[in-house]
2 protein chains.
Amino acid sequence: MRTNLPDKPENCMVEVAMEILGGRWKLAIVYKLLLQGTHRFGELKREMTGITPRMLTRQLRELEEDGIVSRTVHREVPPRVDYALTETGRSLEEIVRLLDGWGRWYLDHRPGTSPSNPEQARQTADGPAGMR
Amino acid sequence: MRTNLPDKPENCMVEVAMEILGGRWKLAIVYKLLLQGTHRFGELKREMTGITPRMLTRQLRELEEDGIVSRTVHREVPPRVDYALTETGRSLEEIVRLLDGWGRWYLDHRPGTSPSNPEQARQTADGPAGMR
DNA sequence: CCGAATCCTACAGGATACTG
DNA sequence: CAGTATCCTGTAGGATTCGG
């Protein structure tokens, strides 16, 4: 395996999940592949504003090693490579959606911030949307 | 605020969430406070095996700044400080539980690993427990 | 088009010792 | 007990250039 995961059967496997998913762009990539399906390398690069090709490659390779995304090379000219979520990757759907919702909610509720766009964010008084 | 969060209303707030929760011990701390309620500094230190006092302090302070954790100092001798989740912190419950479940499931299903303890892990054929 | 190769560095994270 | 104060290090992440 790529990283040495802590073997702590007693408790908290959150750290394990974070070890796999903690990369700067990883969950964002999963998010894209989840909502918009298979992407080519260039498509991902275009949509992930700010990422360098090197970083995109690395994050994708690590996700591949960890069994989250699959990589299919079409032997054509010009080259074409498709990235998609594996079954394991798709099992992250609920988590990714909740994280996205939480982030959206948090941006509008973090300490010392007044809601920037009240009608866009459908927040409630007691938590992020869709969490109950 | 502590960190400069990307203001990208178009999409993917997963990165925002990760910015807040991405620390090495943060979600583990949230997990503890969530399942076992208020903790003192020393209790947390004892239960988070491997963490140094410096790291514990830092992660707790950042969580506090971000409104996830509350810190109450009891003016006694010897000193006593309690840490608990805020309402915002508690809004992470479902996410943390799912991540823990996913991590547990993943440990038993990652590529090239045979289930180490089949009867302890209650996994299914198509994903982590409690995700459908 | 899809990367690989090289070089670089800030900072997350840690070891250790000390204190009100 | 609940932290600081110093000092240190690895590596995650990046900028840039080149190749099949």
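Because only heavy atoms are used, hydrogens play no part in the values below, and waters and symmetry mates are left out as well, while side chains stay in. In what follows, every chain begins at residue 1, and chains take the letters A, B, ... in the order their sequences are listed. Here the structure is a predicted model, which means the values were calculated and not measured.
Computed from coordinates, the B:K45 NZ to D:dA2 P distance equals 12 Å when rounded to whole Å. With rounding to whole Å, B:R75 atom CZ is found 18 Å from D:dC1 atom P. As a whole-Å value, the separation of B:E64 CD from D:dA2 C1' is 14 Å.
Between A:Y106 and A:W102, the ring planes are parallel. Angles under 30° get that label, and only those over 60° would be called perpendicular.
Note on the helix from C:dC1-D:dG20 to C:dG20-D:dC1: terminal axis deviation equals 60°, with five pairs used at each end and the result rounded to 10°.
Scored by the side chain to side chain contact (heavy atoms under 4.5 Å, CB included) test, A:V77 finds no partners at all (sequence neighbours excluded). By the side chain to side chain contact (heavy atoms under 4.5 Å, CB included) test, A:P79 pairs with no residue at all, sequence neighbours left out. In this view, B:R54 satisfies the salt bridge (Lys or Arg N to Asp or Glu O under 4.0 Å) rule with no residue, not counting sequence neighbours.
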Protein proximity profile, nucleotides 4-20 of chain D - base contact B, sugar-phosphate-only contact S, no contact -, cut-off 4.0 Å on heavy atoms: B-B------BBB----B
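Heavy-atom minimum distance, A:G101 versus A:P128: O-CB, 4.1 Å. Nearest heavy atoms, B:H39 versus B:K32: CE1-O, 3.8 Å. What you find for B:V30 and B:L85 is that their closest heavy atoms are O-CD1, 4.0 Å.
Heavy-atom contacts of chain B under 4.0 Å fall on DNA chain C between two terminal nucleotides, which in 5' to 3' order are C:dG13 to C:dG20.
Look at A:R104 and A:D108 and you find no salt bridge, because none of the NZ, NE, NH1 or NH2 atoms lies under 4.0 Å from a carboxylate O. Taking a cutoff of 4.0 Å between a charged side-chain nitrogen and a carboxylate oxygen, A:R90 and A:E93 do not qualify as a salt bridge. Salt bridge absent: A:E94 and A:R97 never bring a charged side-chain N and a carboxylate O closer than 4.0 Å.
Between B:R40 and D:dC1 there is no side-chain polar atom (N or O) within less than 4.0 angstrom of OP1 or OP2.
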